[in-house]
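Below is one structure, written out as structure tokens; comments come after it.
Computation of the quantities below employed the complete heavy-atom set of this structure, encompassing side-chain atoms and omitting hydrogens, waters and symmetry-equivalent molecules. Fair warning: this is a prediction, and the values are worked out from it, not measured in the lab.
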Amino acid sequence: MNRSLLTPRWLLLHLLFLAAAIATGFLARWQWDRAHEAGGSAQNLGYALMWPLFGAFTIFLWVRVARMYKVAEAAPALPDAGTAPGAASSISGAAAASAEQAAGKRRRRPLVPPPAPPVDDDEDPVMAEYNRYLAELDEADRRAG
């Protein structure tokens, strides 16, 4: 059992998820009873079938959040890019490979794509004209703002 999921913050989250799952059960029962009363309708029956799905989703989300937290907690700390060059060499080869592999699993591509290479008129005149048009729009936007 993971003790980090028993901290006060996590206990509060467990109680919140449990209360939400129980509440959806009560709401489903209430709608089921309303559907079978004299004034009940098919809409009440639909809600009675919908609330258990919300409860199942709540439990699914609870499990996913706990698993994500445990995975994030178990991931090895990667050295910062701004650390000294000698600091990275102090990590053993296996640990460095494991850290690189974990970093590769987390993000396979950068958050911001690299800028596109410039296009010459010789390569693609239509694309070069379009890039000039975009540059003019950008410059006009900078002057206005």
Side-chain angles (χ1 to χ4, degrees), residues 1-119 123-124 126-128 130-145:
M1 183 174 194
N2 194 349
R3 293 209 184 271
S4 63
L5 294 178
L6 296 176
T7 61
R9 177 180 175 216
W10 271 101
L11 289 175
L12 184 62
L13 278 173
H14 294 320
L15 285 175
L16 178 69
F17 277 112
L18 189 62
I22 290 171
T24 58
F26 280 120
L27 288 167
R29 177 69 182 178
W30 170 61
Q31 288 293 335
W32 184 262
D33 291 341
R34 284 283 293 161
H36 290 89
E37 290 178 358
S41 66
Q43 185 177 16
N44 295 113
L45 188 59
Y47 285 142
L49 298 174
M50 178 190 66
W51 282 112
L53 293 176
F54 284 158
F57 180 72
T58 302
I59 293 169
F60 168 77
L61 188 63
W62 183 11
V63 170
R64 291 287 294 182
V65 167
R67 282 185 182 171
M68 284 174 49
Y69 179 75
K70 288 194 306 189
V71 167
E73 188 178 66
L78 297 174
D80 291 338
T83 58
S89 63
S90 65
I91 300 175
S92 70
S98 172
E100 288 175 8
Q101 184 180 17
K105 285 182 182 177
R106 275 188 250 142
R107 182 176 298 123
R108 293 198 171 125
R109 59 188 171 120
L111 289 175
V112 178
V119 179
E123 294 176 28
D124 189 355
V126 175
M127 182 64 75
Y130 181 68
N131 285 340
R132 281 192 293 275
Y133 171 70
L134 289 178
E136 289 173 14
L137 287 177
D138 185 44
E139 184 61 34
D141 191 38
R142 285 186 190 166
R143 278 186 265 133

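- Judged as a side-chain hydrogen bond (donor to acceptor under 3.5 Å, both in side chains), the pairs with a partner in residues 40-55 (not counting sequence neighbours) are, in order, Gln31-Asn44, Ser41-Asn44, Gln43-Tyr47.
- Taking CD1 from Ile22 and OG1 from Thr58, the interatomic distance works out to 11.5 Å, rounded to the nearest 0.5 Å.
- Note that CZ of Phe60 is 13.5 Å distant from CG of Leu53, once rounded to the nearest 0.5 Å.
- Remark: Trp32 CH2 is loosely packed, at most 12 non-hydrogen atoms of other residues, nucleotides or ligands lying under 6.0 Å away.
- Residues passing the salt bridge (charged side-chain N to carboxylate O under 4.0 Å, His left out) test with Glu139 are Arg143, sequence neighbours excluded.
- One finds the CG atom of Leu16 at 12.5 Å from the CG atom of Leu11 (value rounded to the nearest 0.5 Å).
- Note on residues 17-30: pairs passing salt bridge (charged side-chain N to carboxylate O under 4.0 Å, His left out), not counting sequence neighbours, are Arg29-Asp33.
- Within 6.0 Å of the CE atom in Met50, the count of heavy atoms belonging to other residues, nucleotides or ligands exceeds 12.
- Listed by chain and residue number, His14, Tyr69 satisfy the ring-ring contact (aromatic ring centres under 6.0 Å, His included) test with Trp10 (two or more places apart in sequence, or in another chain).
- In this structure, CZ in Phe54 is found 10.5 Å from CG in Leu27, a value given to the nearest 0.5 Å.
- Residues Phe17 and Leu61 form a side-chain contact, since some pair of their non-hydrogen atoms from C-beta on lies under 4.5 Å apart.
- Within the structure, the salt bridge (charged side-chain N to carboxylate O under 4.0 Å, His left out) test picks out no pair touching residues 51-66 (sequence neighbours left out).
- Atom CG of Leu134 sits about 9.5 Å away from atom CE of Met127, to the nearest 0.5 Å.
- Scanning for salt bridge (charged side-chain N to carboxylate O under 4.0 Å, His left out) contacts around Arg142 gives Asp138, with sequence neighbours left out.
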